[in-house]
Number of protein chains: 2
Amino acid sequence: MTHGPGQTRRTIRMSDVAREAGVSPMSVSNAFKRPEIVQPETRERILTAARRLGYVPNGVAGTLASGRSRMVAALVPSIRNSSFARTVQGLSDQLAEQGYQLLLAVADTAERERQAIESVLGRRPDGIILTGNEHHPDTIRLLRQSGVPLVETWILSGPILDMAVGFDLNEAAQAMGRLLVSRGYRHIGFAGYAPAERSRFLERQRGFQAALREAGLRDDLLFYAEETAGFAGGRLAMAVLRAQEPRLDALFCVTDIFAVGALFECQRQGLVVPRDFAVAGYGDFEIAAEVVPGLTTVRTRGYEIGRAAAHLIVERAEGGIPAPRIDVGFEVIIRGSI
Amino acid sequence: MTHGPGQTRRTIRMSDVAREAGVSPMSVSNAFKRPEIVQPETRERILTAARRLGYVPNGVAGTLASGRSRMVAALVPSIRNSSFARTVQGLSDQLAEQGYQLLLAVADTAERERQAIESVLGRRPDGIILTGNEHHPDTIRLLRQSGVPLVETWILSGPILDMAVGFDLNEAAQAMGRLLVSRGYRHIGFAGYAPAERSRFLERQRGFQAALREAGLRDDLLFYAEETAGFAGGRLAMAVLRAQEPRLDALFCVTDIFAVGALFECQRQGLVVPRDFAVAGYGDFEIAAEVVPGLTTVRTRGYEIGRAAAHLIVERAEGGIPAPRIDVGFEVIIRGSI
DNA sequence: TGTGTCAATTGTAGCGCTACAATTACGCTG
DNA sequence: CAGCGTAATTGTAGCGCTACAATTGACACA
């Protein structure tokens, strides 16, 4: 305790800085948190002392005392998926700019989401960002009870717990469906993920089917790949759907990964895209612009979703009352694949 | 404060649960943190009371009192890059399994890293995971002074601050260089990033050059792309290096993204791979197995790096003295592109 | 019956900070 | 020069939890 010679000095705290600068601890606190209310010279003296001692404020104690953590938790189903990676990047950028930190939890099932939420809530984050709007009932109860500001992302429709940032998934898929129809394709397949699991994929399917029915085309050429399918999903979809309908002339994929897989498969089979077969994707991943021919796809704004979500939370944390829903829109990007 | 009718009940704390269960607060704490030392019936009574009241332990207070946060901070230069995304996934999985949480900071420059470290240290994480071994001197001083366990990832050689998980970057590039040489290529180019910035790319270059010199080949066909180059990097590298050496017959790229870009460019120009031109990558991203022909590449173990790094930190946090360096190895994956 | 041993439980004393109220300093008015 | 408003600074009283030592009770043994 006494830091005599040879004694290892324990961690520097606010009162050490206060003594060093000849002020009260409160002034040190103010010098860091509300610099405008302390006299410039005093502030300078305090900051110098802090630097000299190598003082790092203990945010944990600060959080306990103030009830504000300047930390935002985000739950995403995956980080390898390019869309969510962009969202996390957006969150991270925006939060860093505003002096907040990101507590990240990756949870790919509702059950894991529940667990993650439970432990995250113990940290008293200033806000929580979720993906989608399908949550475990216990999750919802916990969140409601905690009163923490909430943003659900990648979704706009349906019941929202608090705030939401996303775009109209249904509309986006419908736009692509209409585009395919307008280009003259008549036997259009759909490659997605098992529908039970992910309503955000289901909405794409619905929008797509609506566009086909509108045009009087059959809307039952559906293929569902495994979670882990990757590029193979597109290949499999082509094989299965062409067996089901030999005249199949186009494929709409719920992710660009499937779509690129389908393009590669066309290449292997000697099908010329788009003359013999058309492929459309969803996501506008980096690769979409690079494959030959370029992939026609729906550009989503994952990065902006992240930024906007972070912004909503911070605004709320600082006492504002932001708009509860933000639509970041989408865009159909036309390249050579249809 | 009095929670009479209509009064909004403030947050439940440990003493509320204690009163409800008829025990002391310490027993509640023990029931959660060291269940084996409390009588089974007592424990049951406490947990029931906690559930009934919807008690969520305040981890912030716990951290302040115990000095342990059960939180690990990770700094990565990017999250969109597939390699780091895998590492973050590995971290997240391993930490979740062990009941720890992940504080993520994305910092793409040494200066931002410094800022991030500074604010991260305020949270008193039980460990910090860094990427690479090039850090701002202030960062190093801060980290040293804090005494927090540290893991540097994606690197093994050179000065290590505390612990490290990675593989021999030089060796990996050299292996690929040798493979190209053994296949008979004689004018082999290199596509990388600006060398000043990233020593982890520089090591690849050195290993590659060593392999070429070993074989008596020229080792100065080097191209450096911008940070943001993406697939275009490969295209540019081909253009520039072929202008410099028309007999160029192979290209080694520091990332699969460049390599795939180069493959696409070959396709556009009608070059048959690998007959007319060979391409090798680095990373074994998902796409490497899917392009036609498949990309020969170095498979790195980003996911395992994340898991191992998390494991080291946790072991250390729980009082162990783990090995300071872990080599997760690499693998040369031979496909059709060379 | 006294006493040592062990497991289970409990009080006490902070962890390092900030909200808030109280105090002091200081210039300005009448 | 008293009286007052404003700005700067400071004390007090926790925030909710856990380390640690102290206490209690049950039981075995001499």
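Every chain is numbered from 1, with letters handed out A, B, ... down the list of sequences.
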Problem - Distance, rounded to the nearest Å, where A:Leu64 contributes CG and D:dG16 contributes C1' - result: 6 Å
Practice task
Starting from P on D:dG16, measure out to CZ on A:Arg123 and report it in whole angstrom.
Solution key: 17 Å
Exercise for the section: Answer yes or no for A:Arg70 and A:Tyr100: cation-pi contact, defined as NZ/CZ to six-membered ring centre under 6.0 Å and angle to ring axis within 45°. Expected result: yes
Report all side-chain donor-acceptor pairs from residues 140-158 of chain B shorter than 3.5 Å, counting only partners two or more places apart or in another chain.
residue, atom, partner, partner atom, Å
B:Gln145, NE2, A:Gly54, O, 3.2
B:Ser146, OG, B:Leu143, O, 2.7
B:Ser146, OG, B:Val148, N, 3.2
B:Glu152, OE1, B:Leu161, N, 2.7
B:Glu152, OE2, B:His135, NE2, 3.1
B:Thr153, OG1, B:Leu130, O, 2.8
B:Trp154, NE1, B:Thr87, OG1, 3.0
B:Ser157, OG, B:Glu203, OE2, 2.9

Practice task
Quick one: label B:Thr63 by what it contacts on the DNA or RNA (base, sugar-phosphate, nothing), any heavy atom closer than 4.0 Å.
Solution key: nothing
Practice task
Round to the nearest Å and state the distance from B:Tyr55 atom OH to D:dC17 atom C1'.
Solution key: 7 Å
Practice task
Could you check how far CG of B:Leu121 sits from C1' of C:dG16, rounded to whole Å?
Solution key: 16 Å
Problem - Whichever of A:Glu36 and B:Ser29 has its nearest DNA chain D nucleotide further upstream toward 5' - result: A:Glu36
Handout entry: d(CE, B:Met14; P, D:dA19) in whole Å
Key = 10 Å
Practice task
Pick base, sugar-phosphate or nothing for B:Val60, based on heavy-atom distances below 4.0 Å to the nucleic acid.
Solution key: nothing
Practice task
Could you check how far CG of A:Asn30 sits from P of D:dG11, rounded to whole Å?
Solution key: 13 Å
Fill in the blank from the handout: A:Lys33 atom NZ is separated from C:dC20 atom P, nearest whole Å, by 15 Å
Exercise for the section: Look up atom CD in B:Glu44 and atom CD in B:Gln39, then write down how far apart they are to the nearest 0.5 Å. Expected result: 12.5 Å
Exercise for the section: Return the nearest nucleotide to the side chain of A:Ala61; candidates are D:dA19, C:dT9, C:dG16. Expected result: C:dG16
Handout entry: Flag, side chain of B:Ser27 to backbone of B:Val23, donor-acceptor distance under 3.5 Å
Key = no
Fill in the blank from the handout: Residue pair A:Met26/A:Pro40 against DNA chain D: nearer the 5' end by closest nucleotide is A:Pro40
Handout entry: Earlier contact from the 5' end, DNA chain C, for B:Pro25 and A:Ala65
Key = B:Pro25
Handout entry: Phosphate contact (D:dT9 OP1 or OP2) by A:Ser24 side-chain N/O below 4.0 Å
Key = no
Problem - Reported CD-to-CD distance for the pair A:Glu134 and A:Glu113, which is rounded to 0.5 angstrom - result: 10.0 Å
Problem - Separation of atom CZ in A:Phe32 from atom C1' in C:dT18, rounded to whole Å - result: 14 Å
Practice task
Considering just the side-chain nitrogens and oxygens of B:Thr42, establish if one lies under 4.0 Å of OP1 or OP2 belonging to C:dT9.
Solution key: yes
Exercise for the section: Answer yes or no: does a side-chain N or O of A:Ser27 lie under 4.0 Å from OP1 or OP2 of D:dT10? Expected result: yes
